[in-house]
Colleague: 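Structure incoming, see below.
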Amino acid sequence: MDKKRKAAAIAKILNRCFPDPEIPLKHSDPFTLLIATLLSAQATDAAVNKVTPRLFQRAPTPFKMAELEEAEVRELIRTIGLFNTKAKAIVKLSRMLVDGWGGEVPSTFEELESLPGVGHKTASVVMCQAFHKPAFPVDTHIHRLAKRWGLSRGKDVKETEVDLKAVFPKSKWAKLHLQMIYFGRTFCKARNHLAEECPICTFLKSDSN
DNA sequence: AACTCGGGGCA
DNA sequence: TGCCCAGAGTT
């Protein structure tokens, strides 16, 4: 079967496993989602959810966040990995939003990626989850799954993103990003790959291709 | 391309 | 304990 048919079958299985995938603060405003996504780098949902209530109570908007001392932000997110780097980025980013964008989060890749602490992956999450624009955030989980499923031979996430965009319809990118991450965390783990219990591995094996 | 930040998860 | 991670920036 060709890759698009394989991809469609995989998407169906993912929908069954994770019908309504969530990320921290997915349904919030763009600023909150941006900060939560930035905090999520190399960290777990639980760790992020632990610090965001106090952080956003103290500074719910770029204007409020821009007024905080870096030391206070660092203290508010102290329990998260990379807290020093992230605190610096959050304060500077907020001040940039106030000075250059009237306190609004921009909705283009170029503008988002010009902000400190915001790379292509974080920008992609904001683009598709906050602004509902076409983007497929590809991280190391998704990179690994795409290769295991034979949907990409990309040697980095950049190449994998191109390959995945070619086989999945644009309307599904945002949801697939979340579903694939949860799937990678549950079944196709980086280490200790649970191939016997993995519904997609089972499907691909049973299929003659 | 390699290194660094950093607490947490997992073997 | 040691290695890796829902990345990004610097050298």
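Lettering of chains follows the sequences in order, A, B, ..., and the numbering in each one begins at 1.
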Colleague: Apply side chain to side chain contact (heavy atoms under 4.5 Å, CB included) to A/L33 and A/I23, showing your working.
Modeller: CA-CA 9 Å; A/L33 179 72; A/I23 52 173; 4.0 Å; yes
Colleague: Quick one: is C/dA6 close enough that its OP1 or OP2 comes under 4.0 Å of any side-chain N or O from A/Q42?
Modeller: no
Colleague: Could you give the CZ-to-P distance, from A/R74 to B/dC5, as a whole number of Å?
Modeller: 15 Å
Colleague: Using atom types as modelled and distance alone, determine if a side-chain donor or acceptor of A/S40 lies under 3.5 Å from a backbone N or O of A/A43.
Modeller: no
Colleague: Between the side chain of A/K6 and the main-chain N/O of A/W149, is any donor-acceptor distance below 3.5 Å?
Modeller: yes
Colleague: Students often mix this up, so state it plainly: with edges at 30° and 60°, are the rings of A/F168 and A/F136 parallel, tilted or perpendicular?
Modeller: tilted
Colleague: Find the distance A/L145:CG to C/dC5:C1' and express it as a whole number of Å.
Modeller: 14 Å
Colleague: Identify all side-chain donor-acceptor contacts of residues 68-76 of chain A below 3.5 Å with residues at least two apart in sequence or on another chain.
Modeller:
residue, atom, partner, partner atom, Å
A/E70, OE2, A/R74, NH1, 3.4
A/E72, OE1, A/R58, NH2, 3.4
A/E72, OE2, A/R58, NE, 2.5
A/E72, OE2, A/R58, NH2, 3.4
A/R74, NH1, A/N84, OD1, 3.3

Colleague: Donor-acceptor check, side chain of A/K121 to backbone of A/P137, threshold 3.5 angstrom: yes or no?
Modeller: no
Colleague: Between C/dC3 and B/dT4, how far apart are the two P atoms, rounded to whole Å?
Modeller: 15 Å
Colleague: Distance-only, no hydrogens or angles: does the A/D163 side chain make a donor-acceptor pair with backbone N or O of A/A166 under 3.5 Å?
Modeller: no
Colleague: Considering only heavy atoms, which members of residues 114-130 of chain A lie under 4.0 Å from some atom of DNA chain C?
Modeller: A/L115, A/P116, A/G117, A/V118, A/G119, A/H120, A/K121, A/T122
Colleague: Between atom CD in A/E161 and atom P in C/dG7, what is the gap in whole Å?
Modeller: 14 Å
Colleague: Going by number, which of residues 75-100 of chain A have a non-hydrogen atom under 4.0 Å from DNA chain C?
Modeller: A/L82
Colleague: Give every donor-acceptor pair under 3.5 Å between a side-chain atom in residues 174-184 of chain A and any protein atom, sequence neighbours left out.
Modeller:
residue, atom, partner, partner atom, Å
A/K175, NZ, A/P19, O, 3.1
A/Q179, NE2, A/N15, OD1, 2.9
A/Q179, NE2, A/F18, O, 2.9
A/Y182, OH, A/E22, O, 2.3
A/Y182, OH, A/D45, OD2, 3.3

Colleague: Reading DNA chain C from 5' onward, which residue's closest nucleotide shows up sooner: A/H141 or A/E113?
Modeller: A/H141
Colleague: When you compare C/dT1 with B/dG6, how far apart are their P atoms, in angstrom units rounded to a whole number?
Modeller: 23 Å
Colleague: Can you tell me the distance, in whole Å, between the NE2 atom of A/H143 and the C1' atom of C/dG7?
Modeller: 14 Å
Colleague: Look at the side chain of A/K64 and the backbone N and O of A/Q57, then say whether any donor-acceptor pair between them is shorter than 3.5 Å.
Modeller: no
Colleague: A/N49 CG to B/dG8 P: how many Å, rounded?
Modeller: 14 Å
Colleague: Near DNA chain C, under 4.0 Å by heavy atom, which residues of residues 16-23 of chain A?
Modeller: A/I23
Colleague: Considering only the C1' atoms, how many Å lie between B/dA2 and C/dA6, rounded to the nearest integer?
Modeller: 22 Å
Colleague: Is the closest side-chain heavy-atom distance between A/L25 and A/I35 below 4.5 Å?
Modeller: no
Colleague: Considering only the P atoms, how many Å lie between C/dG9 and B/dG8, rounded to the nearest integer?
Modeller: 24 Å
Colleague: Any donor-acceptor pair under 3.5 Å linking the side chain of A/T160 with the backbone of A/V157?
Modeller: no
Colleague: Give the rounded distance in Å between these two atoms: CZ of A/F183 and C1' of C/dA6.
Modeller: 17 Å
Colleague: Take A/R153 and A/E159, measure what side chain to side chain contact (heavy atoms under 4.5 Å, CB included) needs, and give me the verdict at the end.
Modeller: CA-CA 8 Å; A/R153 290 190 173 192; A/E159 292 182 22; over 6 Å; no
Colleague: With a sphere of 6.0 Å drawn around NZ of A/K172, does it hold more than 12 non-hydrogen atoms of other residues, nucleotides or ligands?
Modeller: no
Colleague: Dump the intermediate steps for side chain to side chain contact (heavy atoms under 4.5 Å, CB included) on A/V105 and A/D29, then the final yes or no.
Modeller: CA-CA 9 Å; A/V105 175; A/D29 62 283; over 6 Å; no
Colleague: Do any side-chain nitrogens or oxygens of A/T44 fall under 4.0 Å of OP1 or OP2 in C/dA6?
Modeller: no
Colleague: Listed in order of residue number, which residues of residues 29-39 of chain A have a non-hydrogen atom at under 4.0 Å from DNA chain C?
Modeller: none
